[in-house]
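Atoms within each ligand, like the ligands themselves, are counted from 1 in listed order. We're numbering straight along the sequence, starting at 1. What you see below is based on every heavy atom in this structure, not just the backbone, and it leaves out hydrogens, waters and symmetry mates.
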Amino acid sequence: MMKRNASIIHIVGNRPQFIKLAPLYKELKSRNYGQCIIHSGQHYDANMSEVFFHELNIPQSDLNLKVGSGSHAEITSGVMLGLERELNKLRPDLIILYGDTDTTLAGALVASKLNIPMAHVEGGVRTHHKENPEECNRIVADHLSDILFCPDRASLESAVKEGMQEKAFLTGDIMYDTFMSMNTRNKEVSEEIILMTWHRQENTETRSRMSSIIEFIKKLDGKIICPMHPRTQKCLKNFDLWNEIESIANLQIVEPVGYMEMIELMNSARLIVTDSGGVSKESSFAGAKCIFMLDLDIWEDLVSNRWILKMNPEDDMSVASALAFAKEAVRVDGSERPKFYGDGHAAVKMVDLLEKHRFI
Ligand code: UD1
Ligand code: UDP
């Protein structure tokens, strides 16, 4: 069949973006649009990047800018230089940006200077803390984008509050699409676990913060599995905390896992302890209650329903409440799980909106 005329470029570079990309890439493909993936190279280890393209059946990116690791300015400027060069050659009709990373920020700045229309997947999400690096990236990406796909009620409301009502649409959450399409589980859980992920800047940049998280882990009962982000591994080693964390008998630290294995782990968990934006929300898809280890605003409806409990690991009262929450946490059946993130068909709504508003 003939390709439709519009050419679309997806800009990704981080683990959660590959997971968000898959359903939208497939929906556009089913409607025969010409599309291309630019990978910034911000995440590059096989278990942080390649595994997701393989498991989610999306083609390895057409172009990899190989920016690698560095400070915020190094990553942002590196991606900007590479993108400007490539977008000047490719001149697409539409750029699609995902989430809140430095790759997203660089994409927004370059595409807007080149006057290329932009769509932002996960528009309107706010932590309401400007010192949080992801908040800064989201504010810039949203305000520069031409259309925002908001995953839930709260994100749409935030977009409207910031004067973006004309371009913001509630689509449901694309991570729910991915989860639903990959979740084939119907077997009983043989052993319930606590699943832990930990990587955010606020929780890895000082030794005292990392120590307080280790003290919290020591007080948790039951088997804990932690697929550990490379940043956290490096910081624990640099702060000389690696031996201490490794000696916690009920904690099993493993390398980052692929998405299929991650779904298995989430489906086995009675509790998820995390500082990940994505994992804290996926906890509700999988039926595990969640302790979120940052005092930022996050998934408002899940917090007000006490599905997610926010914890400041450096505050004794907050840790005590989290330990009580952890003790009580039990798995929740499908029919009783909160449903704030759409129907698993956000990608269809996104492409419908792009067509209706003549972006493609
Ligand atoms: C980035 C995003 C964060 C997102 C996260 C998803 C920014 C500012 N942060 O954080 O919003 O939640 O991705 O996972 O963009 N590293 C490796 N191998 C890799 C990737 C990273 O070893 O493949 C190590 C490097 O030491 C690097 C560190 O992890 O310096 C941090 O990586 P970086 O991409 O800067 O930030 P993330 O913590 O991954
Ligand atoms: N994830 C994964 N393997 C892991 C850890 C996370 O597949 O070892 C998935 C997780 O299920 C979610 C996404 O990666 O879909 C979240 O990425 P991350 O926590 O790195 O970023 P954030 O959501 O905080 O931006």
State whether the shortest distance between N or O atoms of [X] and N or O atoms of ligand 2 falls below 3.5 angstrom.
X      : answer
Val279 : no
Glu282 : yes
Asp275 : no
Gly277 : yes
Gly278 : yes

Using heavy atoms and a threshold below 4.0 Å, how should the contact between [X] and ligand 1 be classified: side chain, backbone, both, or neither?
X     : value
Asn14 : side chain
Ile75 : side chain
Pro16 : side chain

Nearest neighbour of atom 22 (P) of ligand 2 from the list Ser276, Pro227, Gly99, on a heavy-atom basis: Ser276
Given Glu50, His199, Gln42, which has its nearest heavy atom closest to atom 33 (P) of ligand 1? Gln42
Would [X] count as being in polar contact with ligand 1, using the rule that some N or O on each side must be under 3.5 angstrom apart?
X      : answer
Glu134 : yes
Asp102 : yes
Thr103 : no
Lys234 : yes

Could you tell me, atom by atom, which parts of ligand 1 come under 4.0 Å of a heavy atom of [X]?
X      : answer
His72  : 8 (C)
His229 : 14 (O), 29 (O), 37 (P), 38 (O), 39 (O)
Met48  : 23 (O)

Below 4.0 Å, non-hydrogen atoms only: which portion of Ile19 touches ligand 2? Side chain, backbone, both or neither. side chain
Under 4.0 Å between a side-chain nitrogen and a carboxylate oxygen: does that hold for Asp297 and Lys310? yes
